[in-house]
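Step one of this worksheet: look at the structure below.
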Amino acid sequence: QVQLVESGGGLVQAGGSLRLSCAASGLTFSGLTFNSYTMGWFRQAPGKEREFVAAISRIGGTTYYADLVKGRCTISRDNAKNTVYLQMNNLKSEDTAVYYCAATPRNIRDSLLHGYDYWGQGTQVTVSS
């Protein structure tokens with residue numbers, strides 16, 4: 001059973017930082033391992049659709065960011081720990097949302113077109129102005 005468990009959310013003042021973590025388990029089937037998966041972060045604010053935040057390729061050599069967070073967020077992964085991270089700096093009130101971790105065995109380019117297969121339950125990030 002695939003599980004993606006996010007942590008690290010919370011309440012922070014505008015201009016502050018948070019580091020989100022996503023621990024993955026159960027992805028090791030059919031010969032796959034954690035580094036067989038492209039990992040992504042998405043977010044959904046109240047009353048809005050879920051939107052892409054960042055993605056990282058299987059080995060971590062390629063990253064993509066949404067324009068809204070580019071320069072303020074860094075996605076990284078530790079394949080030895082089956083964990084992906086999202087470092088968020090200079091947070092703004094508009095960053096307030098539930099942040100979701102996602103995984104797909106597709107390569108990072110295909111993930112942008114065809115989406116993700118596994119999702120976590122989300123972690124709340126609230127930025128006070």
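Since the model is a prediction, treat every value here as computed from it, not as a measurement. Numbering starts at 1 and runs along the sequence shown.
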- Query: Can you list the residues that meet the salt bridge (Lys or Arg N to Asp or Glu O under 4.0 Å) rule with D117, with sequence neighbours excluded?
  - Reply: R106
- Item | side chain to side chain contact (heavy atoms under 4.5 Å, CB included) evaluation trace for L32 with L27 | CA-CA 7 Å; L32 301 179; L27 290 174; over 6 Å; no
- Item | Contacts of type salt bridge (Lys or Arg N to Asp or Glu O under 4.0 Å), residue K48, not counting sequence neighbours | none
- Over all heavy atoms of both residues, which pair between Y65 and A54 is shortest? Give the atoms and the distance, please. CD2-CB, 3.6 Å
- Beyond-backbone contact of T104 with H114, side-chain heavy atoms, under 4.5 angstrom: no
- Task: Enter the distance from K92:NZ to S129:OG here, rounded to the nearest 0.5 Å.
- Result: 13.5 Å
- Message: Determine whether R43 and D95 satisfy the following criterion, side chain to side chain contact (heavy atoms under 4.5 Å, CB included), listing intermediate values before the conclusion.
- Response: CA-CA 9 Å; R43 69 186 185 186; D95 294 318; 2.9 Å; yes
- Task: Output the distance between atom CG (L11) and atom CD (Q124), rounded to the nearest 0.5 Å.
- Result: 9.5 Å
- Message: One thing to verify: whether D67 and K70 come together as a salt bridge, which I'm taking to mean a side-chain N less than 4.0 angstrom from a carboxylate O.
- Response: yes
- Within the distance-only criterion (no hydrogens, no angle test), does the side chain of T96 pair as donor or acceptor with the backbone N or O of V127 below 3.5 angstrom? yes
- Between atom CD1 of I59 and atom OG1 of T38, what is the distance when rounded to the nearest 0.5 Å? 10.0 Å
- Euclidean distance, Q3 CD relative to C101 SG, rounded to 0.5 Å: 12.0 Å
- Item | Within 6.0 Å of CD in Q44, more than 12 heavy atoms from elsewhere | yes
- Where do S76 and V84 come nearest, in terms of heavy atoms and distance? O-CG2, 3.1 Å
- Any salt bridge (Lys or Arg N to Asp or Glu O under 4.0 Å) pairs touching residues 11-35, not counting sequence neighbours? none
- Working for side chain to side chain contact (heavy atoms under 4.5 Å, CB included), residues M88 and L20: CA-CA 8 Å; M88 302 188 295; L20 306 183; 3.9 Å; yes
- Query: Which heavy atom in N89 sits nearest to a heavy atom in S17, and how many Å separate them?
  - Reply: OD1-OG, 3.0 Å
- Of the non-hydrogen atoms in L4 and Y118, which two are nearest, and what is the gap between them? CD1-O, 3.5 Å
- Search all heavy atoms of R58 against all heavy atoms of N107 and return the closest pair with its distance. NH2-N, 3.2 Å
- Query: Which residues satisfy the side chain to side chain donor-acceptor pair (under 3.5 Å) test with R77, sequence neighbours excluded?
  - Reply: N79
- Item | Derivation and outcome, side chain to side chain contact (heavy atoms under 4.5 Å, CB included), residues L86 and C73 | CA-CA 7 Å; L86 184 69; C73 289; 4.1 Å; yes
- On a heavy-atom basis, the closest approach of C22 and M39 is SG-CE, 4.5 Å
- Taking only residues two or more places apart in sequence, or in another chain, which ones meet T83 in a side chain to side chain contact (heavy atoms under 4.5 Å, CB included)? S21, A23, K81, Y85
- Got a sec, which hydrophobics cluster with Y100, joining ILVMFWY side chains under 4.5 Å apart, including via others? F42, F52, Y64, V98, I108, L112, Y116, W119
